[in-house]
Amino acid sequence: MKEISVSGQKRATTGKKAAKELRKEGLVPCNLYGEKKGENGLPEALAFAIPMGQLRKVIYSPHVYVVNLTIDGEAHKAVMREIQFHPTTDAVLHVDFYEVNETKAITIGIPVKLNGLAQGVREGGKLNLAERKLNVTAPYKQIPEVLDIDVTNLNLGKAIKVGDLSFEGIQLATPPQVVVCSVKATRASRSAAAAAAE
């Protein structure tokens, strides 16, 4: 996985009013969840803020990053877990990060990349990508930047499901029955098939 570095500062106050003030200053309120647990046994969050300018390159990117967070001089490795957008303006309201280490497995969505010219496309069909990302589980060092899928032998009317795939060192967390891609028949492929039958 690609790595990117951003730095922020701890938030002294939390709550809606404080978060609104931070956004006015161009900062995005964030939480970092890690190993630390509270009295109730639930993960305890470290509240901090990052300038929107630094977050932009992490959020608006096709890549999935391991984020090297520096919060008031303290270093943390994390992945972005959840982003809250404003329902009408699409402004970033809040981001949750999840702390990672080299041994603990994490589950994260990784982009799919289709390789090769499908047999069904050669016959006039249309290749359809149904899932742009698949959830995988592994320690972050073992997670690839993209999941390469060879579609060369994919015939007309056929599909590749998650259950048909396997990748070294990682487990697929998306349900096995989910269709990743398929080759659909088009008018051209139907007429070619009819001509061949005649």
Side-chain angles (χ1 to χ4, degrees), residues 1-16 18-19 21-23 25-86 90-113 131-149 162 165-175 178 180:
M1 283 172 78
K2 287 180 185 288
E3 297 198 12
I4 196 166
S5 298
V6 298
S7 55
Q9 70 240 27
K10 285 178 187 168
R11 290 191 273 152
T13 52
T14 55
K16 282 187 178 177
E21 288 302 315
L22 283 171
R23 288 186 206 109
E25 293 169 31
L27 298 167
V28 178
C30 302
N31 282 337
L32 174 67
Y33 294 92
E35 305 290 329
K36 204 173 165 195
K37 301 265 195 294
E39 288 169 19
N40 53 8
L42 294 170
E44 209 170 82
L46 169 63
F48 67 103
I50 296 180
M52 184 58 210
Q54 285 196 47
L55 264 185
R56 196 169 274 118
K57 55 194 175 187
V58 187
I59 295 171
Y60 303 109
S61 163
H63 305 293
V64 179
Y65 288 106
V66 169
V67 183
N68 295 312
L69 281 175
T70 306
I71 305 166
D72 289 347
E74 275 178 37
H76 303 269
K77 267 195 192 303
V79 289
M80 206 158 41
R81 223 18 187 312
E82 197 181 336
I83 310 164
Q84 284 177 7
F85 292 99
H86 191 281
D90 269 352
V92 178
L93 297 179
H94 185 93
V95 180
D96 281 342
F97 287 91
Y98 185 72
E99 199 156 11
V100 297
N101 61 42
E102 290 185 22
T103 55
K104 187 170 72 175
I106 58 165
T107 300
I108 194 165
I110 297 295
V112 165
K113 186 182 173 211
E131 293 291 323
R132 294 194 176 280
K133 280 185 177 181
L134 296 179
N135 289 331
V136 305
T137 304
Y140 82 89
K141 286 261 186 186
Q142 290 173 29
I143 296 175
E145 286 172 29
V146 292
L147 297 172
D148 285 301
I149 298 172
V162 173
L165 303 170
S166 69
F167 299 92
E168 202 182 325
I170 61 173
Q171 228 179 340
L172 289 165
T174 301
V178 171
V180 180

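Note that the structure is a prediction, hence the values are computed from the model and not measured.
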Criterion side-chain contact (heavy atoms from CB on, under 4.5 Å) on Ile110 and Lys133, from CA distance to verdict: CA-CA 5 Å; Ile110 297 295; Lys133 280 185 177 181; over 6 Å; no

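- In this structure, the separation between CD on Gln142 and CD1 on Ile106 is 10.5 Å, given to the nearest 0.5 Å.
- Minimum interatomic distance between Leu93 and Pro29 (heavy atoms only, all atoms of both residues): O-CD, 3.3 Å.
- To the nearest 0.5 Å, atom OG1 of residue Thr174 and atom CG of residue Leu165 are 10.0 Å apart.
- Phe85 and Asp90 get closest at one heavy-atom pair: CD2-O, 3.3 Å.
- Contact check on Glu99 versus Lys104 returns no salt bridge, with no Lys/Arg side-chain nitrogen under 4.0 Å from an Asp/Glu carboxylate oxygen.
- With a 6.0 Å cutoff to the six-membered ring centre and a 45° limit on the axis angle, Arg11 does not count as a cation-pi contact of Phe48.
- The shortest distance between side-chain heavy atoms of Ile170 and Pro144 falls below 4.5 Å.
- The two residues Ser7 and Ile50 come nearest to each other via the heavy atoms O-CG2, 4.0 Å.
- The structure places CD1 of Ile143 at 6.0 Å from CD1 of Ile108, a figure rounded to the nearest 0.5 Å.
- Of all non-hydrogen atoms in Leu69 and Ala78, the two that sit nearest each other are CD1-CB, 4.0 Å.
- Side-chain contact check for Leu172 versus Thr137: every heavy-atom pair is 4.5 Å or farther apart.
- Looking at Arg81 and Thr107, their side chains come closer than 4.5 Å, going by heavy atoms from C-beta outward.
- Annotation for Gln171: atom CD does not count as buried by contact number, only 12 or fewer foreign heavy atoms lying within 6.0 Å.
- Proximity of Gln9 to Ile71: side-chain heavy atoms (C-beta onward) are nowhere separated by under 4.5 Å.
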side-chain contact (heavy atoms from CB on, under 4.5 Å) assessment of Ile59 paired with Val95: CA-CA 10 Å; Ile59 295 171; Val95 180; 4.3 Å; yes

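- In Phe167, the CZ atom is crowded: over 12 heavy atoms of neighbouring residues, nucleotides or ligands sit closer than 6.0 Å.
- Looking at Met80 and Val58, their side chains come closer than 4.5 Å, going by heavy atoms from C-beta outward.
- Once rounded to the nearest 0.5 Å, the distance linking CD of Glu82 with CG of Asn31 reads 10.5 Å.
- Among residues at least two apart or in separate chains, side-chain hydrogen bond (donor to acceptor under 3.5 Å, both in side chains) pairs with a member in residues 48-68 are Glu3-Asn68, Asn68-Lys77.
- Taking every heavy atom of both residues into account, Pro62 and Pro111 meet most closely at O-CG, 3.5 Å.
- Between Val64 and Met1 there is a side-chain heavy-atom pair separated by less than 4.5 Å.
- Residues Gly169 and Ala138 come closest through the heavy atom pair O-CB, 3.7 Å.
- Residues Val6 and Thr70 are not in side-chain contact: their nearest non-hydrogen atoms beyond the backbone lie 4.5 Å or more apart.
- In this structure, Arg23 CZ and His86 NE2 are separated by 8.5 Å, a value rounded to the nearest 0.5 Å.
- Rounded to the nearest 0.5 angstrom, Ile149 CD1 and Leu134 CG are separated by 6.0 Å.
- Taking 4.5 Å as the limit, some side-chain heavy atom of Lys10 sits within range of a side-chain heavy atom of Leu46.
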